[in-house]
Amino acid sequence: MLDLQALRNDLAAVAARLSLRGYVLDSAKFMQLESDRKSIQVRTQELQARRNSSSKRIGQAKAKGEDTTAIMKEVANLGDELKQLETRLSEIQQELNAFLAVIPNTPHESVPPGKSEADNLEVRKSGHIPIFDFVVKDHVSLGEGLGGLDFETATKISGARFSLLKGGLARLHRALAQFMLDTHTEQHGYTETYVPYLVNADSMRGTGQLPKFEEDLFRVPRLMGEGVENFYLIPTAEVPVTNIVRDCIVPLEQLPLKFVAHTPCFRSEAGSYGRDTRGMIRQHQFDKVEMVQICHPDTSYQSLEALLGHAETILQKLGLAYRVVKLCSGDMGFSSALTYDIEVWLPAQNTYREISSCSNFEAFQARRMQARFRNAQGKTEFLHTLNGSGLAVGRTLVAVLENYQQADGSIIIPEVLKPYMGGLELLR
RNA sequence: GGAGAGGUGGCAGAGUGGUCGAAUGUACUUGACUCGAAAUCAAGCGUACCGCAAGGUACCGUGGGUUCGAAUCCCACCCUCUCCGCCA
């Protein structure tokens, strides 16, 4: 959520920044809602004040045993108008909230303007793109050749966009997640967390998935008395982990909070029907190791650089080539103020593919979550939240398979993973 | 699944229809005392919104209702705890 004060004080400036990312702010509607809200609120509070003082006088009179019919008559007609106004006021406030809830974050000033992926800015490249003296196979051929990747059975069990791993590949997948978690906890100072995979709607609203992106989620309805309460399968650990601080005032000295979690992620992939249909690249269920930082507004951009570095470290240790891009204004996610993507080299696709996304949300999520700290003056202020994949496990597996393949279809185990593979050197 | 208890300010804990945004204790902040600290004493100490201000409004798990007036009464729901049963 954007800062309501900013909208009130400088609507045009906010609208201009939003237009950079292709969002057209309905300024007229906002001004209308605001002025309605204001006039009705003033009138409502006026009547409430009158009712309160009259009621108080009735109480005092009754205590003295005096007759109260005169005062009661005064108040008698207040009720209806007041009730109407109160209803109207809460309607308007709901409209205003609904209006605010679907406005994306404003991009940070350093974000390159642009419309699509094509306008993203390459920040740096790292590692060496491997050269093969044979025709490379993609991860599907490699995995199936090794007998460890079985999409046919996964489709039977669940449907399209699910995968079944077996044997060495399943272990390699687990090894990757373990390696990432250990690196972030032991070398980067993150606290490991184990979190719920089903969350409530408040949590989804807190991080910005709701109300706008319900169609991207798997919803799990649950009967609750008369009605239904919805759970949602998490699309990323960002949701449960960031919501740790929802409705919290975090003591200043505890900042920054750094959490890491390894979870499955569930995405409906509505609207991406034709894309990446082959292989593990785009699945309804995939594992991800996610880093989250909750920090002071003054240091959030330093934290973002650090967090990006933590994700890069994983790729460096795995010996994979990658590049870092800064997303342009039109390609950023709803809640983000600034996002770096890390793209890993995939030989079979002869290109870089996204494997991590690291974002600073500034106070956008914190405002939705009421996540605050108390500043030196004792006033509450909104925290800044950040997160980044460190990394997407499934795609990392794809990258390892493709980059470490040999002519006979076997896979060399990267040095850092050997301890997690019981010393195994080669997957065949 | 059955039975019971309970959800009030950072915490503890009063409050069963009126002067209650809420006693009291504790924590915290400031001042006094002190070389300093402890103890003691005094004052302050929730959040949001409207207003230049004075001041006003809302919030006692959530949502509805009754009433001139609700933390307090009624209804529904959610959550927590205890016991029994079942279960990884």
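All values below were derived from every heavy atom in this structure, side-chain atoms included, with hydrogens, water molecules and symmetry-related copies excluded. All chains are named by letter (A, B, ...) in the order of the sequence lines, taking the proteins before the strands, and each is independently numbered beginning at 1.
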From CD of A:Q60 across to P of B:G69 the rounded distance in Å is 17 Å

Could you tell me the Watson-Crick or G-U partner of B:U47, where both distances fall under 3.5 Å? Say none if there is no partner.
B:A58

Using atom C1' in both nucleotides, what's the gap between B:A12 and B:C28 to the nearest angstrom?
15 Å

What contact category does A:T44 fall into here, base, sugar-phosphate, or nothing, at under 4.0 angstrom with non-hydrogen atoms?
nothing

Does B:U66 have OP1 or OP2 under 4.0 Å away from a side-chain N or O of A:K83?
yes

Residue matched to B:C52 through Watson-Crick or wobble contacts both under 3.5 angstrom:
none

If I take atom CG in residue A:L82 and atom C1' in nucleotide B:U67, what distance separates them, rounded to the nearest angstrom?
13 Å

Verify the contact: side-chain N or O of A:R37 to OP1 or OP2 of B:U57, cut-off strictly under 4.0 Å; return yes or no.
no

Of A:R50 and A:Q93, whose nearest nucleotide on RNA chain B comes first from the 5' end?
A:Q93

Considering only side-chain heavy atoms of A:R372, which listed nucleotide, B:U47, B:C49, B:U19, is closest?
B:U47

Distance between the P atoms of B:U72 and B:G65, in whole angstroms?
14 Å

How about NZ on A:K418, more than 12 heavy atoms from neighbouring residues, nucleotides or ligands closer than 6.0 Å, or not?
yes

Take the protein atom CG of A:N230 and the nucleotide atom P of B:C78, then report the distance between them rounded to whole Å.
14 Å

Between B:A58, B:G51, B:G18, spot the one nearest the side chain of A:S55, thanks.
B:G18

What is the separation between atom CD on A:Q48 and atom C1' on B:A70, rounded to the nearest whole Å?
14 Å

For B:A70 and A:R51 - does any side-chain N or O of the residue sit under 4.0 Å from the phosphate oxygens OP1/OP2?
no

If you measure from the P atom in B:A22 to the same atom in B:U47, how many Å do you get, rounded?
14 Å

Taking the C1' atom of each, how far is B:A70 from B:G63, in whole Å?
15 Å

Can you check whether A:K38 has a side-chain N or O nearer than 4.0 Å to OP1 or OP2 of B:G51?
yes

How do A:I58 and A:Q45 order along RNA chain B: which one's closest nucleotide is nearer the 5' end?
A:Q45

In whole angstroms, the gap separating P of B:G9 from CD1 of A:I249 amounts to 13 Å

If I take atom CG in residue A:D247 and atom P in nucleotide B:C78, what distance separates them, rounded to the nearest angstrom?
20 Å

Less than 4.0 Å between a side-chain N and a carboxylate O, is that true for A:E46 and A:R43?
yes

B:U57 phosphate, OP1 or OP2: any side-chain N/O from A:N52 under 4.0 angstrom?
yes

Output yes when A:D150 and A:K166 qualify as a salt bridge under the 4.0 Å nitrogen-oxygen rule, no when they do not.
yes

Is there a donor-acceptor pair closer than 3.5 Å between any side-chain N or O of A:S329 and the backbone N or O of A:G114?
yes

C1' atoms of B:A58 and B:A32, separation to the nearest Å
39 Å

Would you call A:D276-A:R395 a salt bridge at under 4.0 Å N-O?
no

Pairing check on B:G6: which nucleotide meets the Watson-Crick or G-U wobble criteria with it, both distances under 3.5 Å?
B:C79

Pairwise C1' distance for B:C60 and B:U8, with rounding to whole Å:
4 Å

Give me the distance, rounded to whole Å, that separates B:G1 from B:C86 when you measure between the C1' atoms they each carry.
8 Å

Please state whether the rings of A:F218 and A:F266 are parallel, tilted or perpendicular, taking 30° and 60° as the class boundaries.
perpendicular

Which base, if any, makes a Watson-Crick or G-U wobble pair with B:U40, both distances under 3.5 Å?
B:A32

Look through every strand shown and name the nucleotide pairing with B:C20 as Watson-Crick or G-U wobble, where both distances are under 3.5 Å.
none

Taking NZ, NE, NH1 and NH2 as the nitrogens, is one of them in A:K317 or A:E415 under 4.0 Å from a carboxylate oxygen of the other?
no

Grab the CZ-C1' distance between A:R43 and B:C49 for me, whole Å please.
19 Å

Can you check the A:I40 CD1 to B:U57 C1' distance for me, whole Å?
15 Å

Base, sugar-phosphate or nothing for A:R8? Non-hydrogen atoms, less than 4.0 Å.
sugar-phosphate

If the C1' atom of B:G55 is compared with that of B:G18, how far apart are they to the nearest Å?
22 Å

